[in-house]
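Note sheet for the following structure.
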Amino acid sequence: MQVKYNSNVLEVEGLTNFHPEHIFECGQAFRWNWDGKGYVGVVADKVVRIIWDGATLYIENATLKDFDSFWYNYFDLQTNYGEIIDILSKDPVMKKAVKYGWGIRILNQDPWETLISFIISANNGIKRIKSIIERLSYKFGQKIIWQDQEYYMFPSVEALASATEEELRECGCGYRASYIQRTAQLVKEGQINLNDLRNIDYAKAKEHLLKCPGVGPKVADCILLFSLGKRQAFPVDVWIKRIMETLYYDEMKVFKDIRKFAENKFGLLAGYAQQYLFYYAREKKIGK
DNA sequence: AAACAGGAACCAC
DNA sequence: GTGGTTCCTGTT
């Protein structure tokens with residue numbers, strides 16, 4: 001891998017198993033949008049555009065320092081996906097899913113943003129999740145100007161903790177408004193320390209997350225997988241349930257059984273397997 | 001325009 | 001601990 005810098009654009013060459021469309025469209029992140037040239041996203045306090053021409057990754061509006069301190073980890077570039085794919089592909093079903101979703105990477109996102117985003121995701125589709133997050137950011141986040149356009153950062157803990165339920169409902173959160181408000185309050189008061197969760201094991205970290213209103217087993221697994229580096233997490237939603245029933249067993253009655261099955265079959269790689277399966281299920285509209 | 005989609009909370013048992 | 005019902009809003 002080779003990294004160059006040219007007038008506020010990073011150029012990264014020599015990446016393998018990297019495909020932005022599959023990375024951004026597999027349900028793990030909600031603030032990346034295709035604008036005709038590339039994927040534009042608000043990440044932390046920056047707006048960047050990601051362009052991929054098949055050989056070089058361009059990150060517009062980033063420096064070499066940003067790459068080392070942030071983007072390298074964000075795109076999970078330290079992880080050898082070739083090795084993971086080889087192991088998963090021993091399973092014939094996974095072999096198909098991996099082939100289909102090649103280039104997926106599990107992003108290492110901000111735990112706070114991920115926590116709130118996946119509380120919103122409960123009982124919701126991706127399109128609506130995205131629009132709610134945009135409205136929240138517009139209303140409670142800081143404005144950023146980039147290339148003469150306005151963008152809004154994801155709201156801070158303080159901003160959402162002091163928001164009223166009514167204001168949150170106005171953003172389309174529905175009954176999740178009180179969950180968001182109360183969870184923000186817990187984080188603000190330090191009753192849950194998100195950054196500490198990185199350093200404790202999967203099961204313990206999950207226990208902590210489950211104390212947040214609006215966080216159940218599936219949402220907790222998403223937060224663990226997408227922002228806390230717990231790659232054994234296997235979030236089970238209806239899509240995963242459908243595809244597992246279609247591809248593996250006809251009768252997996254309850255979500256818990258599916259999680260168990262994945263734990264046994266994929267072990268510490270369960271989270272990677274989940275992403276390939278999710279993408280495969282959505283694109284193939286399995287069970288619909 | 002009624003039905004549907006989508007996880008967690010909550011209340012029985 | 002399991003099973004059934006309810007919560008909200010955009011889409012069909």
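Throughout, protein chains are lettered first and strands after them, A, B, ... in sequence-line order, and every chain is numbered starting at 1.
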Consider the side chain of [X], meaning its heavy atoms from C-beta on, and name the nucleotide among [options] that approaches it most closely.
{"X": "A:Arg169", "options": "B:dG6, C:dC8, B:dG7", "value": "C:dC8"}
{"X": "A:Asp237", "options": "C:dC8, C:dG10, B:dG7", "value": "B:dG7"}
{"X": "A:Arg128", "options": "C:dT2, B:dG7, C:dT9", "value": "C:dT9"}
{"X": "A:Lys218", "options": "C:dC8, B:dG7, C:dG10", "value": "B:dG7"}

In whole angstrom, what separates [X]'s [atom1] from [N]'s [atom2]?
{"X": "A:Leu168", "N": "C:dC8", "atom1": "CG", "atom2": "C1'", "answer": "14 Å"}
{"X": "A:Phe255", "N": "C:dG4", "atom1": "CZ", "atom2": "C1'", "answer": "15 Å"}
{"X": "A:Lys241", "N": "B:dG6", "atom1": "NZ", "atom2": "C1'", "answer": "13 Å"}
{"X": "A:Ile240", "N": "B:dA5", "atom1": "CD1", "atom2": "P", "answer": "18 Å"}
{"X": "A:Ile126", "N": "C:dT11", "atom1": "CD1", "atom2": "C1'", "answer": "15 Å"}
{"X": "A:Lys130", "N": "C:dT11", "atom1": "NZ", "atom2": "P", "answer": "14 Å"}
{"X": "A:Tyr175", "N": "B:dG7", "atom1": "OH", "atom2": "P", "answer": "9 Å"}
{"X": "A:Arg135", "N": "C:dT9", "atom1": "CZ", "atom2": "P", "answer": "10 Å"}

For DNA chain B, determine which residues of residues 113-123 of chain A have any heavy atom closer than 4.0 angstrom to one of its atoms, and list them numerically.
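Under 4.0 Å from DNA chain B: A:Ala122, A:Asn123.
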OP1 or OP2 of B:dG6 versus the side-chain N and O atoms of A:Trp239: is any pair under 4.0 Å?
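Answer is yes, contact under 4.0 Å.
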Mind checking whether [X] and [Y] have parallel, tilted or perpendicular rings, split at 30° and 60°?
{"X": "A:Tyr72", "Y": "A:Phe67", "value": "perpendicular"}
{"X": "A:Phe70", "Y": "A:Tyr74", "value": "parallel"}
{"X": "A:Tyr81", "Y": "A:Tyr272", "value": "perpendicular"}

Strictly distance-based, threshold 3.5 Å: is any side-chain N or O of A:Arg198 a donor or acceptor partner for the main-chain N or O of A:Ser227?
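Yes.
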Using atom types as modelled, flag every donor-acceptor pair under 3.5 Å from a side chain in residues 87-95 of chain A to any protein atom, sequence neighbours excluded.
unit_1  : atom_1 : unit_2   : atom_2 : d
A:Ser89 : OG     : A:Ile85  : O      : 2.7
A:Asp91 : OD1    : A:Lys265 : NZ     : 3.3
A:Asp91 : OD2    : A:Val93  : N      : 3.4
A:Asp91 : OD2    : A:Met94  : N      : 3.0
A:Asp91 : OD2    : A:Tyr248 : OH     : 2.6

Under-3.5 Å N/O pairs linking protein and nucleotides 9-13 of chain B:
unit_1 : atom_1 : unit_2   : atom_2 : d
B:dA9  : OP1    : A:Gly214 : N      : 2.7

Looking at every heavy atom in both A:Glu60 and A:Val9, which two are closest together, and how far apart are they?
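Looking at all heavy atoms of both residues, the closest pair is CG-CG2, 4.1 Å.
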Can A:Lys241 and A:Glu245 be counted as an ion pair, charged N to O under 4.0 angstrom?
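Salt bridge present between A:Lys241 and A:Glu245.
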Does this structure show an ion pair linking A:Lys230 with A:Asp221, if we count only N-O contacts that are shorter than 4.0 Å?
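Result for this pair is no, no salt bridge flagged.
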Give me each pair satisfying ring pair (Phe, Tyr, Trp, His ring centres under 6.0 Å) with a member in residues 199-228 of chain A, each pair once, sequence neighbours excluded.
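Sorted result for residues 199-228 of chain A: A:Phe118-A:Phe226.
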Under the ring pair (Phe, Tyr, Trp, His ring centres under 6.0 Å) rule, what do A:Tyr39 and A:Trp32 come out as? Steps first, then yes or no, please.
CA-CA 6 Å; A:Tyr39 281 94; A:Trp32 290 99; 7.4 Å; no
So, using ring pair (Phe, Tyr, Trp, His ring centres under 6.0 Å) as the criterion, who are the partners of A:Tyr151 when residues are at least two apart?
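By the ring pair (Phe, Tyr, Trp, His ring centres under 6.0 Å) rule, A:Tyr151 matches no residue at all.
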May I ask you to check whether A:Phe18 and A:Phe75 place their ring centres under 6.0 Å from each other?
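Here the rings of A:Phe18 and A:Phe75 have centres that are less than 6.0 Å from each other.
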If an axis is fit to five pairs at each end of the helix from B:dA2-C:dT12 to B:dC13-C:dG1, what is the angle between the two, to the nearest 10°?
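Roughly 40°, once rounded to the nearest ten degrees.
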Both A:Asn124 and A:Lys127 contact DNA chain C. Which one's nearest nucleotide lies toward the 5' end?
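The residue mapped nearer the 5' terminus is A:Asn124.
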Residue met sooner reading DNA chain C from 5', once A:Lys256 and A:Gly172 are mapped to nucleotides:
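Here A:Lys256 is the residue nearer the 5' end.
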